[in-house]
Number of protein chains: 2
Amino acid sequence: MDQNKIPQATAKRLPLYYRFLNNLQMQGKTRVSSKELSEAVKVDSATIRRDFSYFGALGKKGYGYNVEYLLGFFRKTLDQDEMTDVALIGVGNLGTAFLNYNFTKNNNTKIKLAFDADPNKVGTKIGGIPIYHIDDLEEKLDDVKVAILTIPANEADRTTERLVAKGIKAILNFTPARITVPDDVRVHHIDLAIELQALVYFLKHYPLDNLVPSKEEVH
Amino acid sequence: MDQNKIPQATAKRLPLYYRFLNNLQMQGKTRVSSKELSEAVKVDSATIRRDFSYFGALGKKGYGYNVEYLLGFFRKTLDQDEMTDVALIGVGNLGTAFLNYNFTKNNNTKIKLAFDADPNKVGTKIGGIPIYHIDDLEEKLDDVKVAILTIPANEADRTTERLVAKGIKAILNFTPARITVPDDVRVHHIDLAIELQALVYFLKHYPLDNLVPSKEEVH
DNA sequence: CTTAAGTCGTGATTATTTTCACATATACAC
DNA sequence: GTGTATATGTGAAAATAATCACGACTTAAG
Ligand SMILES: NC(=O)c1ccc[n+]([C@@H]2O[C@H](COP(=O)([O-])OP(=O)(O)OC[C@H]3O[C@@H](n4cnc5c(N)ncnc54)[C@H](O)[C@@H]3O)[C@@H](O)[C@H]2O)c1
Ligand SMILES: NC(=O)c1ccc[n+]([C@@H]2O[C@H](COP(=O)([O-])OP(=O)(O)OC[C@H]3O[C@@H](n4cnc5c(N)ncnc54)[C@H](O)[C@@H]3O)[C@@H](O)[C@H]2O)c1
C-alpha cells in the first residue's frame, strides 16, 4: 500500500508529532525547527528529521518546517479526515474509563459501541456509547475492524476467536493474556502490570546517574 | 549495579516470562522448552533462549528448563520478594480503574496511597487505598520512589516538578504531556490515544497478507 | 552584496535487537 | 548400552533503529 518502506519505529511516532503540531498551531506558531520539536516531544532532533525525510523534503533548509503545511501533510498521511470506528469489549474498570474518555481530541478514532456480559450493564450507555450483550456481538458488530479488549484474561481467547471470525483486523489488548490470531490480524498488547514491573526493574538495576549517558526514557 | 549488560529489550520481557512461568507452575508443569514458552508468550524461541542466556546457563540441553528453578531464579532477579510502594496521582477515570485493580497478582508493586485535587474524593478510599489532597503531597509521600500519573495533561508539568522535588525516581505517565525530568528520573510514557492511532495506521498502511512474512504483533 | 547564524536532508557510522543455524549435551525407549 | 529425538547456548549474520556530522541552502542583518 502507501509507503511500505517507513520503519515501524517511525510510524509509531507519527501520531505524537501530529499532536504536538496541533498544539503549536493552536499557539499560533507558523514555523518550527526539528530542535524545537525535539524538546517538546523528547525525541532526538536527528531522529525527527530522519522520520520526516521518509515522506520527502517537508522542510526548508535554514528555515525549519511550516507548521500549517506539515500539519496538513500529516493529516492526510494519518487519515485524520476519515473516522475509524472502534468496538470496546468489556465495560469494567478500564473499559468504563475508555468510554468516558473516548479518544476524542485530535483523533480519527471513535468507540462506536461496546459489549459486556453483565446484564446490568447491557442496555445502558456510557459517554453516549451503547452497551450491548456480548451474545449479540455477531449481530451488532457490523463493519468495525478495530477492537479494544478489556475483559478478564480467561475470557480473552474465546472472545478473540469470535472477534476474528466476525472480521476484526486489529486488536488493542489490555488483558494479560497473549492472544492467538491469524497472520492477517494485528494485535498490540498493552500490559500495564508489566509496564509497571519493568519500570521498577529499570529503577533498581539501571541507575541513571550523572555518569551514565542521558537516557531518561525507555518507552 | 547488578547486570548492566542486559539489553533493555530483554529486561522488558522478564516480567512477561515470570508471569507465564507462574501460570505453568500452577498448572503443575515441571519442565518447559523455549518452544513451548514461545507459543505462550508470542516471542520467538531463539529470542527467549538469548534472553535467558544473559543470566547464564539456566536450562539443560535436550531437556529444556525446570519451571521451579527458573521461577525461583526470576523471583530473585525481579525482586519479587520485596514490595515496591507506588503512589497514584489523579483519581479520575483511569486512576480509579488502577486503584480497583492494584496490580496484585504475581506482582511486587502496590499502590499505597493516592492524591487528588477534588475535595469530594479526598478522605475517601478506593480499593482500600486512601486518597489525600494533592496539597499534602510533600507531607504524605514519604519514601515512595515510583508514581503513576493520571491527571489532566495541563497539570502534568507542575505536578511532575513537585514529585521530582520530593524524590520520586520513576514515573509511569499516562497523560499526553511529554514531561521534563532530570537525568536521574525515569519516565515511561503510556500514551493510549497514540497506541490506538498507531494501530489504525498500521492496519491501513501495513496490510498483513499471507504474502508478508508473519508479523502479527508490534508492541 | 556579503556575511553570519541557522537548519535541513542524508551518507556514513554506530548501536541495538532479532534471527539463523549448528555443535553439543541430555533424555529416554528398547 | 545404543540410538534417536530433542533442546540448549551461542557465534555469526541480518535486520532495524538511532545518531553523528557535514554539505547545501535560507534567512536576515548590515
Ligand atoms: N483495571 C486495571 O487497572 C487493569 C490493569 C492491568 C490490566 N488489566 C486487565 O484489563 C482487563 C480488564 O480489567 P478491568 O479491571 O476493567 O476488569 P473488570 O472485571 O472491572 O471488567 C471486566 C468486564 O468484562 C465483562 N466481561 C466478562 N466476560 C466478558 C465477555 N466474555 N464478554 C464481554 N464482557 C465480558 C465483565 O462483565 C466486566 O464488566 C483484565 O484482563 C485485567 O487483567 C486491568
Ligand atoms: N481515561 C482514558 O481513557 C484516557 C485515555 C488516554 C489518556 N488519558 C489521559 O490520562 C489522564 C487522566 O485521564 P482521566 O480520564 O482519568 O481524567 P479525569 O479527568 O477523569 O481524572 C483526572 C483526575 O485528576 C484530578 N486532578 C486534577 N488536577 C490534579 C492535580 N493537580 N493533582 C492531583 N489530582 C488532580 C481530578 O480531580 C480528577 O479526579 C489525562 O491526562 C488523560 O488525557 C486518559
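Reminder, nothing fancy here: chain letters follow the sequence lines and each chain counts from 1.
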Could I get a table of every N or O pair under 3.5 Å where one atom is in the protein and the other is in nucleotides 12-14 of chain D?
unit_1: D:dA12; atom_1: N6; unit_2: B:Arg50; atom_2: NH2; d: 3.0

Picking from C:dC20, C:dG9, D:dT8, the nucleotide nearest the side-chain atoms of B:Tyr65 would be D:dT8
Using a cut-off of strictly less than 4.0 Å, decide whether A:Ser34 has a side-chain nitrogen or oxygen near OP1 or OP2 of C:dC8. yes
Looking at B:Lys29 and B:Glu68, is any side-chain nitrogen of the basic one under 4.0 Å from a carboxylate oxygen of the acidic one? no
Starting the side chain at C-beta, find the nucleotide from D:dC20, D:dG9, C:dC20 nearest to B:Ala46. C:dC20
Specify the separation, in whole Å, of atom NZ of B:Lys35 and atom P of D:dT6. 9 Å
Taking only the side-chain nitrogens and oxygens of B:Thr47, find out if one of them lies under 4.0 Å from OP1 or OP2 of C:dT19. yes
Integer-rounded Å distance: C:dT18 P and B:Lys12 NZ: 11 Å
Hey, which of B:Tyr69, B:Tyr65, B:Phe52, B:Tyr18 is the one that makes ring-ring contact (aromatic ring centres under 6.0 Å, His included) with B:Phe74? B:Phe52
Atom CG of B:Asp44 and atom C1' of C:dT17 are separated, to the nearest Å, by 12 Å
Nearest whole Å is fine: how far is C:dC8 P from A:Asn66 CG? 13 Å
More than 12 foreign heavy atoms under 6.0 Å from CD of B:Glu138: is that the case here? yes
On a heavy-atom basis, the closest approach of A:Ala114 and A:Ile129 is N-CG2, 4.1 Å
Flag this pair as yes if the NZ/CZ of B:Arg31 is under 6.0 angstrom from the six-membered ring centre of B:Tyr63 and inside a 45 degree cone about the axis; otherwise no. yes
From NZ of A:Lys5 across to P of D:dA17 the rounded distance in Å is 16 Å
Taking 4.0 angstrom as the limit, do B:Asp184 and B:Lys169 come out as a salt bridge? yes
From CZ of A:Phe52 over to C1' of D:dA18, roughly how many Å is that when rounded to an integer? 16 Å
Strictly below 4.0 Å, N to O, side chains only: are A:Arg178 and A:Asp191 in salt-bridge contact? yes
Whole-Å distance separating the CD1 atom of B:Ile48 from the P atom of C:dC20: 14 Å
What's touching nucleotides 22-30 of chain D from the protein side, N or O pairs under 3.5 Å?
unit_1: D:dT26; atom_1: O4'; unit_2: A:Lys61; atom_2: O; d: 2.6

Residue pair B:Asn100 / A:Asn93, side-chain donor-acceptor N/O under 3.5 Å: yes
Out of C:dT7, C:dT17, D:dA18, minimum distance to the side chain of A:Ala9 belongs to D:dA18
Under 4.0 Å, heavy atoms only, any strand: does A:Thr10 hit a base, just the sugar-phosphate, or nothing? nothing
Should the ring pair A:Phe55 and A:Phe73 be called parallel, tilted or perpendicular, given that the plane angle runs from 0 to 90° and is split at 30 and 60? perpendicular
Would you say B:Asp51 and B:Thr10 are linked by a side-chain donor-acceptor pair, where the criterion is simply a distance under 3.5 Å? yes
Touch check for B:Ser45, heavy atoms < 4.0 angstrom, all strands: base, sugar-phosphate only, or nothing? nothing
If I take atom CZ in residue B:Arg13 and atom C1' in nucleotide C:dT16, what distance separates them, rounded to the nearest angstrom? 11 Å
